[in-house]
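Numbers for residues simply follow the sequence, beginning at 1. Order of appearance sets the numbers: ligands from 1, and atoms from 1 within every ligand.
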Amino acid sequence: MNTPSQRRIAVAGAGLLGRLLAWRLLRDGHAVTLYDAGALDTPPAAAWAAAGMVAPLAETVVSERCVYDMGRVALTRWPEWLAELEATELWHRRGSLVVAHPQDENELTQFRRDLDDALGAPPGYRELDAAGVRALEPGLTGFRHGLFLADEAHLDNRELLNRLLEAIHALGGDCHGHTPVETHPGEVTTPVGRRAFDLVIDCRGHGARPRHPTLRGVRGETLHVHTDEVHLSRPVRLMHPRYQLYVVPKPGGRFVIGATSIESEDRSPISLQSSLELASALYTLSPAFAEARILEQGVNLRPAFRDNLPHVSREDGLIGANGLFRHGYLLAPAVVDHVLAEIRDKGERPFAAVLSEAAPQESLA
Ligand SMILES: Cc1cc2nc3c(=O)[nH]c(=O)nc-3n(C[C@H](O)[C@H](O)[C@H](O)COP(=O)(O)OP(=O)(O)OC[C@H]3O[C@@H](n4cnc5c(N)ncnc54)[C@H](O)[C@@H]3O)c2cc1C
């Protein structure tokens with residue numbers, strides 16, 4: 001029997017936002033049912049494809065200031081949440097490193113100027129010479145300059161998603177994989193019929209397109225490689241005139257490499273050109289990557305509204321949280337805090353001016 005403060009809540013989508021919200025709501029004592037269209041152990045979520053960087057500084061160059069402000073929340077909230085999950089080993093606050101090859105150093109200079117314009121003083125980065133780059137990442141050679149963004153982090157995102165699911169199960173969450181749903185106020189439609197809830201939270205990422213015609217998918221491509229020959233302690237971004245490559249170290253000698261952010265909703269496998277560019281840029285970071293084994297090639301869609309900002313919509317019996325774009329791990333803590341404040345219906349709603357504002361509409365013609 002539910003107490004008046006306990007509500008029966010359906011969460012649609014077991015990606016990043018869905019798992020976080022289901023977990024927090026169970027901890028608040030609610031009865032939670034979680035649905036995902038795909039398998040729960042390897043979800044077809046952007047969150048599974050992601051690199052797991054928590055990069056408020058680097059992202060501010062391509063985003064609005066509020067992304068930086070919301071991202072700062074992540075730097076305190078993730079360690080708190082991971083401590084509750086007994087998974088602090090998944091969080092790495094070691095900063096990130098930005099480099100460019102000597103012939104592309106203009107790109108690094110421009111990136112530094114963009115950072116200055118976005119944030120002003122103090123700059124939030126440290127300029128490094130060749131010895132400074134080597135001191136941070138001895139595996140990298142041939143770089144004369146670099147920028148160290150000390151206040152950034154990364155997390156082992158796939159293991160985080162696994163741990164969240166375990167915690168949801170342990171707290172009695174009712175989880176349904178391979179169950180695509182449609183969301184309605186106080187109701188979800190599953191393949192076997194309709195089911196009523198006190199509240200439905202729509203966290204279907206790009207899958208919520210039927211409810212949000214202006215939501216778009218922005219294609220991202222990654223390679224996962226394994227090698228024991230290279231060691232990196234932190235994400236490295238390589239500035240290049242045509243692309244910006246990032247390499248994020250994962251446990252067990254695994255690295256995630258990504259670059260492309262393509263305005264396309266095509267989910268077909270990675271193109272030969274992208275694959276070649278990623279692999280050859282990786283090789284230029286360190287020739288020791290030459291013998292790395294390609295484990296996986298990934299493609300997924302980042303859910304984005306027209307302004308590339310997250311939005312939380314609210315109507316009676318239905319909350320939608322979406323539009324995390326390329327900043328899911330950076331922005332999820334602020335978005336989750338906001339949604340929980342909406343549900344508790346008391347206290348200040350963090351970042352209400354951004355998140356509560358309706359997502360911009362656009363002509364679909
Ligand atoms: C290649 C790549 C790299 C990225 N790297 C980073 C990074 O380093 N740092 C960072 O902060 N962000 C990164 N992102 C962005 C981040 O992954 C997303 O912003 C974030 O995952 C969005 O979270 P979400 O919960 O809204 O959506 P998702 O994580 O996509 O989850 C949505 C879930 O809903 C499910 N679903 C869809 N339709 C239905 C339906 N009808 N019924 C039930 N379930 C449904 C899907 O199966 C999925 O599991 C990256 C994204 C990509 C693609």
Nearest non-hydrogen contact to atom 9 (N) of ligand 1 from the set Glu221, Arg211, Met53 belongs to Met53
Counting heavy atoms under 4.0 Å, the part of His327 that contacts ligand 1 is backbone
Among non-hydrogen protein atoms, atom 49 (O) of ligand 1 lies closest to Asp36 OD2, 2.6 Å
Look only at interatomic distance and state if Ala46 has a nitrogen or oxygen under 3.5 Å from any nitrogen or oxygen of ligand 1.
yes
Residues Arg344 and Glu342 bridged, charged N to O under 4.0 Å: no
min-distance protein heavy atom vs atom 31 (O) of ligand 1 -> Gly15 CA, 3.2 Å
Distance-only polar pair, side chains of Thr284 and His101, donor-acceptor under 3.5 Å: yes
among protein heavy atoms, the one nearest atom 6 (C) of ligand 1 is Ala50 CB, 3.7 Å
Q.
Does this structure show an ion pair linking Arg254 with Glu296, if we count only N-O contacts that are shorter than 4.0 Å?
A. yes
| query | Below 6.0 angstrom between ring centroids: does that apply to Phe305 and Phe325? | reply | no
Taking only non-hydrogen atoms of Gly205 and a 4.0 Å limit, the atoms of ligand 1 in range are 26 (O), 27 (O), 32 (C)
message = Assess, by modelled atom type and distance only, whether the side chains of Ser264 and Asp266 contain a donor and an acceptor separated by less than 3.5 Å.
response = no
- Query: Are a donor atom and an acceptor atom from the side chains of Glu182 and Thr189 found within less than 3.5 Å of each other?
  - Reply: no
- request: Using non-hydrogen atoms of the residue, decide whether Gly258 is closer than 4.0 angstrom to ligand 1.
  value: no
Would you call Ala12 a ligand 1 contact, heavy-atom distance under 4.0 Å? no
Atom 11 (O) of ligand 1 sits nearest the protein heavy atom Tyr329 N, 2.7 Å
| request: Could you tell me if the ring centre of Phe255 sits under 6.0 Å from that of His224? | output: no
**N-O pairing of Glu84 and Arg24 below 4.0 Å** = yes
Test of proximity, Gly18 against ligand 1: N or O pairs below 3.5 Å: no
Next item on the list: Using only heavy-atom distances, determine whether the side chains of His240 and Arg242 contain a donor-acceptor pair under 3.5 Å.
Entry: no
of all protein heavy atoms, closest to atom 23 (O) of ligand 1 is Leu16 CB, 3.8 Å
Quiz item: Does a side chain donor of either Gln6 or His30 reach within less than 3.5 Å of an acceptor in the other side chain?
Solution: no
(message) Looking only at distances, can you tell me whether any N or O atom of Gly328, backbone or side chain, sits closer than 3.5 Å to an N or O atom of ligand 1?
(response) yes
A student checking ligand 1 against Pro44 at a 4.0 Å heavy-atom cut-off should list atoms 47 (O)
Logged contact type for Ala55 with ligand 1, heavy-atom cut-off 4.0 Å, is neither
Can you find an N or O of Gly52 that's nearer than 3.5 Å to an N or O of ligand 1?
yes
Here the atoms of ligand 1 under 4.0 Å from any heavy atom belonging to Ala47 are 17 (O), 21 (O), 29 (O)
Atom 53 (C) of ligand 1 has as its nearest protein heavy atom Arg302 CG, 3.7 Å
**Study point:** Distance-only polar pair, side chains of Arg216 and Asn308, donor-acceptor under 3.5 Å
**Key:** yes
With heavy atoms and a 4.0 Å threshold, my read on which part of Thr222 contacts ligand 1 is side chain
Quick check on Trp48 - does any of its heavy atoms sit under 4.0 Å from an atom of ligand 1? no
shortest atom 18 (C) of ligand 1-to-protein heavy-atom contact is with Phe325 O, 3.5 Å
The atoms of ligand 1 lying under 4.0 Å from a heavy atom of Leu324, numbered in the order shown, are 19 (O)
Note: Arg326, heavy atoms under 4.0 Å from ligand 1, region reported as backbone
* Verify the distance criterion only: is there a donor paired with an acceptor across the side chains of Asp174 and Tyr35 at less than 3.5 Å? => no
- Query: Do the charged groups of Arg306 and Glu263 touch, with an N to O distance under 4.0 Å?
  - Reply: no
Discussion item. For the residue pair Asn106 / Gln110, report whether a side-chain donor-acceptor contact shorter than 3.5 Å exists.
Written reply: no
(message) Test your reading of the structure: does Ala321 have an N or O sitting under 3.5 Å from an N or O of ligand 1?
(response) no
Under 4.0 Å from one or more heavy atoms of Gly207, ligand 1 contributes atoms 37 (C), 38 (N)
If we number the atoms of ligand 1 from 1 as shown, the ones under 4.0 Å from a heavy atom of Tyr246 are 3 (C)
Atom 41 (N) of ligand 1 has as its nearest protein heavy atom Val181 O, 3.0 Å
* **ligand 1 to Leu330 polar contact by distance, N or O atoms, under 3.5 Å** => yes
* Between the main-chain N or O of Gly146 and the side-chain N or O of Arg126, is there a donor-acceptor pair closer than 3.5 Å? -> no
Which of Val236, Asp156, Leu232, Val256 passes side chain to side chain contact (heavy atoms under 4.5 Å, CB included) with Pro249? It is Leu232
The atoms of ligand 1 lying under 4.0 Å from a heavy atom of Leu17, numbered in the order shown, are 25 (O), 26 (O)
Looking only at the side chains, is there a donor atom on one of Thr60 and Ser63 sitting less than 3.5 Å from an acceptor on the other?
no
Counting from 1 in the order shown, the ligand 1 atoms closer than 4.0 Å to a non-hydrogen atom of Ala51 are 3 (C), 4 (C), 5 (N), 6 (C), 8 (O)
Item to complete: Report yes if Leu301 has an N/O atom closer than 3.5 Å to an N/O atom of ligand 1; otherwise report no.
Response: no
Q.
Regarding His206 and Glu265, do their side chains bring together a donor and an acceptor under 3.5 Å, going by distance alone?
A. yes
